[in-house]
Amino acid sequence: MFNSISGTITGKFPKQLLLENNGIEWSIIMPDTSLEELAPVGSRAKAYTYLNHYENGMDLYGFASDAERNLFLSLLKVDGVGPKAAIKIMSSASMNRLVETLENGDLEILEKIPGIGKKTAAKMILALKGKLTIPETETVRVPKKSAFSVVVSSLCDMGYERAKAEEVVAEVAANVSGEKDFASKTQTEKEDMVFRKALMEMVR
């Protein structure tokens, strides 16, 4: 079975991504948090997929990263949580935040997720607490409103995937921040410096 689909984004809607690949437009169910990580309509992107068969048909689910798909698959192991419920859960918070909530056993926060009652929230904690991990690359993403979000956007406009752009920009920004005279530069000069170095890393 296919692991991922790459193509041009033709539409982004609540919990739905339209992705065209070689003349075929795929309708992919995707968490809102994953959709936010992807570049704008018209850009190229990759969706890590999961095909769900049921009695009367099938649905294709997609995620911005393999780690997010793994979290989705972990949620499916919880009694009472199906694919669509898992998408709602993942749409309620970022992957990092959701894993943190489960690790802390924060029942009150989980209960506030639409469609998740106290009983299901308790099952989630029981089944997943202590069993979820976040890859290191997931922890270095640049927040949308960070000092270098414009650099991430510029890379995405060039066709690079947002998740990868955020990862590289975060690493470059952390490295150059310690260089001599960096703090004295204007914001535009800092962005230009980070952009050039990040682009060099992206094309390797």
Side-chain angles (χ1 to χ4, degrees), residues 1-5 9 11-19 26-39 45-146 152 161-167 170:
M1 188 56 64
F2 46 83
N3 177 62
S4 64
I5 299 175
I9 298 175
K12 293 173 71 174
F13 307 94
K15 299 179 181 61
Q16 183 188 31
L17 171 72
L18 298 181
L19 193 66
W26 299 84
S27 178
I28 304 172
I29 302 171
M30 180 174 280
D32 292 331
T33 48
S34 289
L35 283 165
E36 291 174 358
E37 295 181 27
L38 299 180
K46 175 189 286 187
Y48 293 83
T49 56
Y50 171 81
L51 184 62
N52 179 55
H53 288 267
Y54 53 95
E55 185 177 358
N56 297 318
M58 62 182 70
D59 290 320
L60 183 63
Y61 294 84
F63 309 89
S65 70
D66 186 46
E68 289 176 357
R69 179 175 57 185
N70 287 337
L71 175 58
F72 171 80
L73 295 175
S74 294
L75 288 170
L76 295 185
K77 297 176 182 178
V78 179
D79 183 31
V81 177
K84 292 185 178 179
I87 291 295
K88 289 183 179 179
I89 292 170
M90 293 181 67
S91 294
S92 68
S94 67
M95 184 179 70
N96 296 42
R97 177 58 176 162
L98 185 56
V99 171
E100 180 182 346
T101 299
L102 289 166
E103 287 300 298
N104 292 337
D106 200 327
L107 189 63
E108 184 177 352
I109 292 179
L110 292 174
E111 288 177 9
K112 294 180 180 179
I113 298 175
I116 301 299
K118 186 173 183 179
K119 185 176 181 181
T120 301
K123 288 181 179 179
M124 289 171 60
I125 293 173
L126 181 64
L128 302 177
K129 184 176 181 179
K131 299 178 181 179
L132 300 175
T133 58
I134 301 176
E136 184 177 350
T137 55
E138 295 294 331
T139 66
V140 296
R141 290 182 179 175
V142 178
K144 294 182 183 299
K145 296 183 179 179
S146 75
V152 173
E161 294 179 21
R162 177 168 292 275
K164 182 62 176 178
E166 289 176 344
E167 175 187 340

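All of these numbers come straight from a predicted model, not from anything done at the bench.
One distance of note links NZ of Lys46 with CG of Leu38; it measures 12.5 Å at 0.5 Å rounding. Rounded to the nearest 0.5 Å, atoms CG (Asp59) and CD1 (Ile29) are 4.0 Å apart. Atom-to-atom distance recorded for Leu18:CG and Phe13:CZ is 5.5 Å, nearest 0.5 angstrom. Atom OH of residue Tyr61 and atom CG of residue Leu76 lie 8.5 Å apart, to the nearest 0.5 angstrom. Rounding to the nearest 0.5 Å places CD of Glu36 at 8.0 Å from NZ of Lys12. For the atom pair CG of Leu102 and CG of Leu71, the computed distance is 7.5 Å after rounding to the nearest 0.5 Å.
In this structure, Leu35 and Pro14 approach most closely via the heavy-atom pair CD1-C, 4.4 Å. Counting all heavy atoms, side chain and backbone alike, Ala64 lies closest to Glu37 at CB-OE1, 3.6 Å. Across all non-hydrogen atoms, the minimal contact from Leu17 to Ile9 is CD1-CG2, 3.8 Å. Shown here for Phe63 and Glu68, the closest heavy-atom pair between the two residues is CB-CB, 4.0 Å. Ile28 and Ala47 get closest at one heavy-atom pair: CD1-CB, 4.1 Å. Here the closest heavy-atom approach between residue Gly62 and residue Pro31 is recorded as O-CD, 3.4 Å.
In this structure, Met124 and Ile116 have side chains that are in contact, with non-hydrogen atoms separated by less than 4.5 Å. The side-chain heavy atoms of Glu100 and Ile109, taken from C-beta on, include no pair separated by under 4.5 Å. Two residues are said to be in side-chain contact when any heavy atoms from C-beta on lie closer than 4.5 Å; Met58 and Asn52 fail this criterion. Between Leu98 and Thr33 the shortest side-chain heavy-atom distance does not fall below 4.5 Å.
Between the side chain of Lys77 and the backbone N or O of Ala127, no donor-acceptor pair lies under 3.5 Å. Side chain of Glu103 to main chain of Gly130: a donor-acceptor pair is present (N/O by atom type, distance under 3.5 Å, no hydrogens or angles).
Atom NZ of Lys164 has 12 or fewer heavy atoms from other residues, nucleotides or ligands within 6.0 Å.
Considering only residues two or more places apart in sequence or on other chains, Tyr50 meets the ring pair (Phe, Tyr, Trp, His ring centres under 6.0 Å) condition with Phe72.
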All N/O donor-acceptor pairs, side-chain side in residues 87-95, below 3.5 Å, sequence neighbours left out:
unit_1 : atom_1 : unit_2 : atom_2 : d
Ser91  : OG     : Asp32  : N      : 3.0
Ser91  : OG     : Ile87  : O      : 2.8
Ser92  : OG     : Ile89  : O      : 2.5
Ser94  : OG     : Arg97  : N      : 3.2

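Each side-chain hydrogen bond (donor to acceptor under 3.5 Å, both in side chains) pair with one or both residues in residues 119-128, not counting sequence neighbours, appears once here: Asp79-Lys123.
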